[in-house]
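Below, each value reflects all heavy atoms present in this structure, side chains not excepted, and no hydrogens, waters or symmetry copies. When a ligand or atom number is given, it counts from 1 through the structure's own listing order.
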Amino acid sequence: MAKDEPQPWKIPPIVQELAGGVQDEPPSRYVVREQDRPAAAAAAAMPEPIPIIDLSRLSAAGGAGADELVKLRSTLQDWGLFLAVGHGMEPEFLAKMMQLTRGFFNLPLEEKQKYSNLVNGKDFRLEGYGNDIVLSEDQTLDWCDRLYLIVEPESRVVPGLWPSRPDAFAGALREYTARCRRDIAGVVLAVLARLLGLREDRFAGMMGDGDAMTHARFNYYPRCPRPELVVGLKSHSDASVITVVLVDDAVGGLQVQKPNAGDGVWYDVPIVPNALLVNVGDVIEIMSNGIFKSPVHRAVANAESDRVSLAMFYTLDPEKEIEPLPELVDEKRPRRYGKTTTKDYIAVLFETFARGARAMDTVKIPAAESDSGLQASVK
Ligand SMILES: O=C(O)CCC(=O)C(=O)O
Ligand SMILES: [Fe+2]
């Protein structure tokens, strides 16, 4: 095929449009391999206690703060994620964000296509509305559409890509971006540093450096008559420093594996009203030299309802080197990860994600010591 001839498989359909016409089995491009299918009975309920952390208690003086810190440490080691409450964002505001997300995806297709992530209808770019990049003809496609926007720093915002409808969308996203950074990301990064025995601003400081960007990803998972044959978003871990996710308050679908268990069991993340999910990303796993693990997760589709979520990915300057922090490497805890940069790592992530592999495996140095040695060193 000539180089500039169109390759139709590179241009995936909008799943929401496609789903409307699917009565039974989804098209074969969406049907996942037998071993990756979310068979209805396979996901287990998360064992008690569900990791819920009250952020307002973390800074409390005395016993309450110390107890919450202990709980956070064990949650991070067991799961690499937690549900954050006490963040100060009002339930009405979170409900509004969910409503605006639904409002955008419910707009007519022509309106949404104004923000298409395919330039000239064919060349993929990260930002905009559409699907993830398709890199090969036999790639299994996810049962999901998404709107991807860079929301910080201001100099990187492309205003033309921000939806003008629903009316309140852009204003609410700006407010959500500011509050999410101040009330969640900032607080969590300071505590993560503390738990590792580092200065409080060790991670938070990097987030204000150069072109450190925050990416917002609005996900829309249409209803699927045979949800057991597809995945909403295939198994992955996030390339971020940390991720904050506002999940649908009515429809579940997020599943996670226990990072150190290695048993491949999927657990359903429960819906906790007004709680935001915070997960460790690959950058913290690398910088913490594996003390904190970036959990593998996925989203499954649902037979009865569509579902939305909004993920905020906090990343570092694209050129910044990412490697284990020297303070966290010593003889007892040899270096577990090679060196990369945000820019290179994200490029690898797209390629590995498309073929269902993990970007993390490209930087891992095979372990010579047991994980328990690493965990004992968490402060
Ligand atoms: O939809 C969800 O609950 C998870 C979304 C997610 O993992 C992502 O956007 O990276
Ligand atoms: Fe994710």
Side-chain angles (χ1 to χ4, degrees), residues 15-16 36 38 43 46 50-51 79-84 94 97-98 101-102 104-105 117 126-133 141-151 173 176 180 185 213-224 227 230-257 259 266-285 293-302 305-315 345-346 349-350 352-354 356-360:
V15 184
Q16 191 174 2
D36 297 332
M46 257 170 136
I50 297 163
W79 294 99
L81 59 79
F82 63 91
L83 289 158
L94 297 179
M97 287 309 298
M98 286 275 95
T101 303
R102 284 193 170 277
F104 172 76
F105 288 106
N117 64 351
L126 180 61
E127 274 193 276
Y129 167 69
N131 304 96
D132 284 311
I133 192 166
L141 303 184
D142 290 338
W143 196 257
C144 170
D145 301 321
R146 92 288 197 282
L147 170 68
Y148 210 110
L149 296 172
I150 293 171
V151 293
L173 180 56
Y176 184 72
C180 207
M213 280 178 259
T214 308
H215 304 232
R217 178 179 169 126
F218 298 80
N219 292 302
Y220 180 78
Y221 307 96
R223 198 185 71 80
C224 181
V230 303
V231 285
L233 194 56
K234 61 172 81 62
S235 163
H236 67 282
S237 62
D238 296 339
S240 57
V241 177
I242 57 166
T243 306
V244 178
V245 195
L246 178 57
V247 293
D248 200 300
D249 51 4
V251 188
L254 178 59
Q255 298 182 339
V256 64
Q257 292 183 344
W266 288 103
Y267 293 92
D268 282 318
V269 177
I271 296 175
V272 174
N274 305 313
L276 287 149
L277 181 99
V278 180
N279 67 266
V280 167
D282 292 357
V283 175
I284 289 283
E285 174 166 339
K293 296 278 186 352
S294 171
V296 170
H297 54 283
R298 69 178 180 185
V300 298
N302 189 288
S305 311
D306 54 4
R307 173 174 180 268
V308 291
S309 64
L310 165 55
M312 301 287 272
F313 302 105
Y314 291 88
T315 69
Y345 194 73
I346 289 180
L349 180 91
F350 282 121
T352 49
F353 181 73
R358 265 196 95 187
M360 185 56 86

For this session: Check the pair Arg146, Asn117 against side chain to side chain contact (heavy atoms under 4.5 Å, CB included), reporting the backbone distance first and the verdict last.
Result: CA-CA 10 Å; Arg146 92 288 197 282; Asn117 64 351; 3.4 Å; yes
Exercise. At a non-hydrogen distance cut-off of under 4.0 Å, which region of Leu233 contacts ligand 1 (side chain, backbone, both, or neither)?
Worked result: side chain
For this session: Using modelled atom types only, decide if a donor and an acceptor are shared between the side chain of Glu285 and the backbone of Ser294 within a distance under 3.5 Å.
Result: yes
Exercise. Can you list the atoms of ligand 1 that are under 4.0 Å from a heavy atom of Phe313?
Worked result: 8 (C), 9 (O), 10 (O)
Exercise. Which residue and non-hydrogen atom of the protein lie closest to atom 5 (C) of ligand 1, and at what distance in Å?
Worked result: Asn219 ND2, 3.5 Å
Problem set entry | Test applied, side chain to side chain contact (heavy atoms under 4.5 Å, CB included); reference residue, Tyr221; option that passes from Ser309, Ser305, Pro227 | Ser309
Exercise. Closest approach of Pro259 and Lys293, non-hydrogen atoms and distance?
Worked result: CB-CB, 3.6 Å
Problem set entry | Close approach of Arg307 to ligand 1, heavy atoms, under 4.0 angstrom | yes
For this session: Say whether, by atom type as modelled, one donor and one acceptor occur between the side chain of Asp248 and the main chain of Ala250 under 3.5 angstrom.
Result: yes
Seminar exercise, completed: Closest to atom 10 (O) of ligand 1 by heavy-atom distance, out of Arg217, Lys234, His236, is His236
Seminar exercise, completed: Taking only non-hydrogen atoms of Leu254 and a 4.0 Å limit, the atoms of ligand 1 in range are 3 (O), 4 (C)
Exercise. At their closest point, which heavy atom of Ile346 faces which heavy atom of Ala239, and how far apart are they?
Worked result: CG1-CB, 4.4 Å
Seminar exercise, completed: Counting heavy atoms under 4.0 Å, the part of His297 that contacts ligand 1 is side chain
Problem set entry | Under 3.5 Å: donor-acceptor pair, side chain of Ser235, backbone of Arg298 | no
For this session: Taking all heavy atoms of Ile284 and all of Val241, pick out the closest pair and write down the distance.
Result: CG1-O, 3.1 Å
Seminar exercise, completed: For Asp238, the atoms of ligand 1 under 4.0 Å from one of its heavy atoms are 10 (O)
For this session: Give the numbers and elements of all ligand 1 atoms closer than 4.0 Å to a heavy atom of Ala311.
Result: 9 (O)
For this session: State the atoms of ligand 1, each with its element, that fall below the 4.0 Å cut-off from a heavy-atom position in Val247.
Result: 3 (O)
Seminar exercise, completed: When distances are taken from atom 2 (C) of ligand 1, the protein heavy atom at minimum range is Ser309 OG, 3.4 Å
For this session: Quick one: report the N, O or S atom of Asp238 that is nearest to the Fe ion (ligand 2).
Result: OD1
